[in-house]
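The structure appears right after this line, and notes come after that.
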Amino acid sequence: MDKVYNNKDVEEKIYKTWEEKGYFKPEVNPTGKPYSIILPPTNANGALHFGHAMYVVEDILIRYHRMKGLSTLWLPGTDHAGIETQFVFEKKLREEGKSRLDFTREELFKMIKLYVDENRGGIEKQLRRLGFSLDWSREKYTMDKDVIEIVYDTFKKLFDDGLVYRAKRLVNYCTYDGTSFSDLEVIYEERQNPLYYIKYGPLILATTRPETKFGDTAVAVHPDDKRYQQYIGKELDIETVLGKSKIKVVADKFVDPLFGTGVVKITPAHDFDDFEVADRHDLPMVQVINFDGKMNEKAGKYEGLYIKQARRAVVEDMQAKGLVEKIDENYVHRIGLCYKCKNPIEPLPLEQWFVKMEPLARQAIEVVKKEEIKIYPKDFEKRYLQFLENIKDWNISRQIVWGIRIPAFKCEKCGQWEVTAGEVREKCGKCSGKMIQDEDTFDTWFSSGQWPYATLKTTDSLKFYPANVMETGYDILPWWVARMVMLGIYIQKKQGVERIGEQIPFKDVVLHGLVNDPLGKKMSKSKGNVINPIELIDQYGADAVRFALIYGTAFGNDQSLSYPKLEAMRKFTNKLWNMARFIEMTKPEDYIESEKKITNENDNEMSEKIKQLAKEVASLLNKYDFNHAAQNLYEFAWHTFADIYIEDVKNRIDNSSYSVLKNSYLVILKLLHPFMPFVTEEIYHILWKEGESLMISEWPIYE
RNA sequence: GGACUUGUAGCUCAGUGGUAGAGCGCUUCAUUCACAUUGAAGAUGUCAGAGGUUCGAAUCCUCUCAAGUCCACCA
């Protein structure tokens with residue numbers, strides 16, 4: 001053996017052998033009980049980042065259970081990542097001086113598909129570098145035909161059940177990207193904008209958006225506000241920049257009497273709150289801004305102006321007419337921004353497909369409260385429940401081409417909608433008019449929300465449903481995990497599955513924290529502080545990187561990348577290596593493997609301590625306490641086994657003590673294998689059997 | 001506005017009712033005898049602050065301060 005463990009020579013060779021021998025497939029343990037984890041699908045077009053490296057905990061669980069003899073499946077997959085990918089592609093187009101508007105829908109889709117196909121596979125290579133024992137033969141993609149069929153089918157069933165409906169709702173629309181975003185995709189930022197105090201007949205109200213006044217269909221006051229009691233229910237004659245007009249006064253509790261003058265203009269087509277007020281008071285909706293971000297004909301002479309231009313013009317004209325009471329230039333408020341381009345989100349009314357969430361959420365709440373699904377660490381349960389208890393209907397339409405096109409068809413003649421499970425409809429069933437397919441695609445989360453069922457069903461692996469563990473970053477708990485629970489249960493119920501325990505998509509939710517840069521700042525491309533895990537693997541070895549991510553940080557907490565820790569873990573792999581080297585070098589010439597009788601007190605103590613360690617590590621892993629399992633192993637291997645025991649046994653090696661030494665070391669290797677698969681496997685080949693593998697050896701269990 | 005997380009040795013972090021811990025760094029010694037070293041010994045902390053519960057609090061409760069995150073969003 002070399003004096004130093006050289007990870008570079010070892011890792012690639014070993015991973016290749018594992019894969020070739022089929023050790024990653026559940027069939028390696030043909031009679032074992034099923035145990036499965038679905039890898040959160042990675043962006044098909046993406047590269048590895050530190051979020052992915054944290055999936056090492058899944059590999060630990062998988063390797064642990066595989067060694068325990070379970071038929072273990074860790075299923076990889078990729079996601080088409082609709083908005084994200086189209087955004088990246090459009091950026092590329094812009095750099096080439098082109099725009100998506102230069103192409104038809106079909107052309108654009110083909111181009112993006114080609115672009116993604118060319119860039120695919122990169123991340124799979126990188127996940128291999130981390131040593132992940134994924135069953136690559138079952139890899140799925142959200143755009144696989146059979147996955148799409150399941151998504152279609154679910155959509156149709158939801159529609160038939162009345163859980164999908166079409167409605168004109170305000171959407172978070174980005175007039176620059178030309179698409180709507182979910183609530184979760186809108187980011188909020190504080191901005192300082194002028195607050196205009198405008199005269200509406202006898203009333204004065206404060207607004208930041210005077211240009212939307214042409215869409216006002218009422219003004220509102222608080223029902224208990226003494227100042228305005230005489231106006232409630234009346235219609236006011238008001239003077240506007242477009243001449244005389246009338247407007248109704250309504251009373252609604254949402255108005256804060258302390259803000260501004262306590263009077264609010266109601267613009268249902270361009271404000272989320274106003275939309276709800278309008279709903280309660282049956283007010284008409286007047287859209288004055290178009291999807292291109294310009295004012296429309298309802299804005300009279302301001303038609304064709306962009307929002308900002310219109311605001312300036314309207315204010316100037318109002319000032320000329322004496323309609324502006326005052327302007328508060330120091331007003332600070334939070335406005336919604338597009339998370340992609342950082343431009344203000346415009347609430348606009350658009351016909352969309354919505355999923356009625358309340359009935360689905362109710363079940364998802366119930367399964368967690370009944371502990372059919374458990375969330376680790378438990379603190380995250382509150383976030384999950386908070387999200388589901390306040391859930392709003394889910395807008396699943398996206399105005400992008402890169403995605404699964406919604407299988408809904410509208411009759412040109414009579415306006416009838418028909419939803420199919422993917423089949424094309426050309427003629428209207430009612431009037432024989434021509435049917436046209438909805439241009440929109442599904443929200444990416446609508447397909448990934450069906451991921452556990454879709455992947456297992458289409459790989460003929462349904463015996464692994466529900467998955468034992470869903471492990472992911474806590475940041476996508478509502479976006480993804482909650483939706484998988486809701487859709488998973490729904491799908492299984494529709495399949496006629498009655499037992500809750502078989503409806504849920506997974507049993508345990510395990511959430512890891514985020515990895516920040518060494519200064520504790522979130523890694524992001526825009527900050528330029530992104531660190532590529534592959535570079536660290538090259539430098540420290542995959543085992544050291546894996547161990548460093550687990551060791552010394554409470555599971556679920558964020559951590560900052562630490563170079564000293566990586567270095568310490570690299571030394572640990574080297575220490576392990578040299579323990580093996582010692583054992584190899586000190587083998588008694590007449591040593592017989594079967595010699596087992598323990599005669600020395602210290603040898604006896606060691607074999608007892610090893611049993612305790614094995615129990616402790618198993619118990620910690622069963623609780624998803626990876627950190628303490630790792631700490632125990634590190635502490636024991638280095639300080640109990642090497643510093644004390646090896647030092648002690650060094651000068652008195654005989655057949656009996658050597659047997660204890662070697663067998664104890666084997667247990668340490670086995671317990672460490674899920675954490676550090678490469679170095680442990682390599683040592684096993686050298687000290688034990690070259691043709692066999694530690695990864696499919698038996699996990700040490702002592703009763 | 002609602003909630004969550006974090007604040008412990010110079011740095012990165014464990015520790016959740018019983019005399020303050022690890023790694024790195026630092027000091028001293030030993031060693032090149034499995035270990036691009038390793039081992040032994042050592043120094044270092046008003047456990048963010050204040051109050052409370054308790055025989056006893058880093059740990060439980062309340063409040064304050066600071067950093068970060070999620071959700072909802074007031075014209």
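Source: prediction; values computed, not measured.
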Worksheet item: Looking at the side chain of W638(A), which of A22(B), U38(B), U69(B) is the nearest nucleotide?
Response: U38(B)
Discussion item. Students often mix this up, so state it plainly: with edges at 30° and 60°, are the rings of F380(A) and Y474(A) parallel, tilted or perpendicular?
Written reply: parallel
Worksheet item: How long is the line joining CH2 of W480(A) and P of C70(B), in whole Å?
Response: 19 Å
Practice prompt. Mind running a 4.0 Å heavy-atom check of residues 560-577 of chain A against RNA chain B and sending the residues that fall below it, in number order?
Written response: S560(A), S562(A), P564(A), A568(A), R570(A), K571(A), N574(A), K575(A)
Worksheet item: Counting just side-chain N and O atoms, does N516(A) come under 4.0 Å of either OP1 or OP2 of U69(B)?
Response: no
Worksheet item: Looking only at atom P, what distance separates U5(B) and C60(B), rounded to whole Å?
Response: 11 Å
Worksheet item: Considering only A3(B), A34(B), A36(B), which nucleotide approaches the side chain of V4(A) most closely?
Response: A36(B)
Worksheet item: Say you pick atom C1' in C74(B) and the same atom in A57(B); how far apart are they, in whole Å?
Response: 43 Å
Worksheet item: For RNA chain B, what residues of residues 204-214 of chain A have any heavy atom nearer than 4.0 Å?
Response: A206(A), T207(A), T208(A)
Worksheet entry | Span that lies between the C1' atom of G21(B) and that of A36(B), in whole angstrom | 29 Å
Practice prompt. Taking only the side-chain nitrogens and oxygens of T553(A), find out if one of them lies under 4.0 Å from OP1 or OP2 of U12(B).
Written response: no
Discussion item. From the set G15(B), A34(B), C74(B), return the single nucleotide nearest to any side-chain atom of N578(A).
Written reply: A34(B)
Worksheet item: When all nucleic acid strands are considered with a 4.0 Å heavy-atom cut-off, which category describes F555(A): base, sugar-phosphate, or nothing?
Response: nothing
Discussion item. Using atom P in both nucleotides, what's the gap between C47(B) and A58(B) to the nearest angstrom?
Written reply: 7 Å
Worksheet item: According to the interplanar angle, ranging from 0 to 90°, do the rings of Y665(A) and W688(A) count as parallel (below 30°), tilted (30 to 60°) or perpendicular (above 60°)?
Response: parallel
Discussion item. Could you check whether D538(A) pairs with K8(A) (Lys NZ or Arg NE/NH1/NH2 to Asp/Glu carboxylate O, under 4.0 Å)?
Written reply: no
Discussion item. For A34(B), does the base pair up with any side-chain atom of E647(A) as donor and acceptor (N or O, under 3.5 Å, distance only)?
Written reply: yes
Worksheet item: Whole Å only: how far is the CG atom of L388(A) from the P atom of C71(B)?
Response: 13 Å
Worksheet item: Of the nucleotides A14(B), A72(B), C71(B), which one has an atom closest to the side chain of K392(A)?
Response: A72(B)
Worksheet entry | Ring-face cation of K326(A) near Y197(A) (centre distance under 6.0 Å, axis angle within 45°) | yes
Practice prompt. Look at all strands and tell whether K265(A) reaches a base, only sugar-phosphate, or nothing, counting heavy atoms closer than 4.0 Å.
Written response: nothing
Item to complete: Write down the distance separating the P atoms in U44(B) and U27(B), rounded off to the nearest Å.
Response: 16 Å
Worksheet item: Between Y474(A) (OH) and A3(B) (P), how many Å, whole number?
Response: 19 Å
Practice prompt. Describe the nucleic acid contact of D273(A) in one word from base, sugar-phosphate, nothing, applying a heavy-atom distance below 4.0 Å.
Written response: sugar-phosphate
Item to complete: For N627(A) and G15(B), give me the distance from atom CG to atom C1', rounded to whole Å.
Response: 10 Å
Practice prompt. Quick one: label F380(A) by what it contacts on the DNA or RNA (base, sugar-phosphate, nothing), any heavy atom closer than 4.0 Å.
Written response: nothing
Item to complete: May I ask you to decide if the ring planes of F675(A) and F547(A) are parallel, tilted or perpendicular, using 30° and 60° as cut-offs?
Response: perpendicular
Discussion item. I'd like the P distance from A43(B) over to A20(B), given in whole Å.
Written reply: 15 Å
Item to complete: Using a 4.0 Å heavy-atom cut-off across all strands, classify M585(A) as base, sugar-phosphate, or nothing.
Response: sugar-phosphate
Response to the item:
The answer to which of R383(A) and Y634(A) contacts RNA chain B further toward the 5' end, by nearest nucleotide, is R383(A)
Discussion item. Heavy atoms only, 4.0 Å cut-off, all strands: where does N390(A) land among base, sugar-phosphate and nothing?
Written reply: nothing
Worksheet item: Does N516(A) have any side chain to side chain contact (heavy atoms under 4.5 Å, CB included) partners at least two apart in sequence or in another chain, and if so, which?
Response: K522(A), D558(A), S560(A)
Discussion item. The side chain of I646(A) is closest to which nucleotide in this list: U5(B), G15(B), A34(B)?
Written reply: A34(B)
Discussion item. Between D508(A) and K374(A), does any side-chain N to carboxylate O distance fall below 4.0 Å?
Written reply: no
Worksheet entry | Euclidean distance, atom CZ of residue F641(A) to atom C1' of C35(B) [Å, nearest integer] | 14 Å
Worksheet item: Between H222(A) (NE2) and C74(B) (C1'), how many Å, whole number?
Response: 13 Å
Worksheet item: Would you say K382(A) reaches A3(B)'s phosphate, i.e. side-chain N/O to OP1/OP2 under 4.0 Å?
Response: no
Worksheet item: Does a salt bridge link D225(A) with R227(A), judged by any charged N lying under 4.0 Å from a carboxylate O?
Response: yes
Discussion item. I'd like the C1' distance from U16(B) over to U54(B), given in whole Å.
Written reply: 16 Å
Worksheet item: Reckon Q631(A) touches a base, only the sugar-phosphate, or nothing at all at heavy-atom distances under 4.0 Å?
Response: sugar-phosphate
Worksheet item: How far does the P atom of C61(B) sit from the matching atom of G68(B), given to the nearest Å?
Response: 25 Å
Discussion item. Check the orientation of W638(A) and F572(A). Use parallel for under 30°, tilted for 30 to 60°, and perpendicular for over 60°.
Written reply: parallel
Discussion item. Looking at F354(A), I'd like to know if the NZ or CZ of R169(A) sits under 6.0 Å from its six-membered ring centre while staying within 45 degrees of the ring's axis.
Written reply: yes
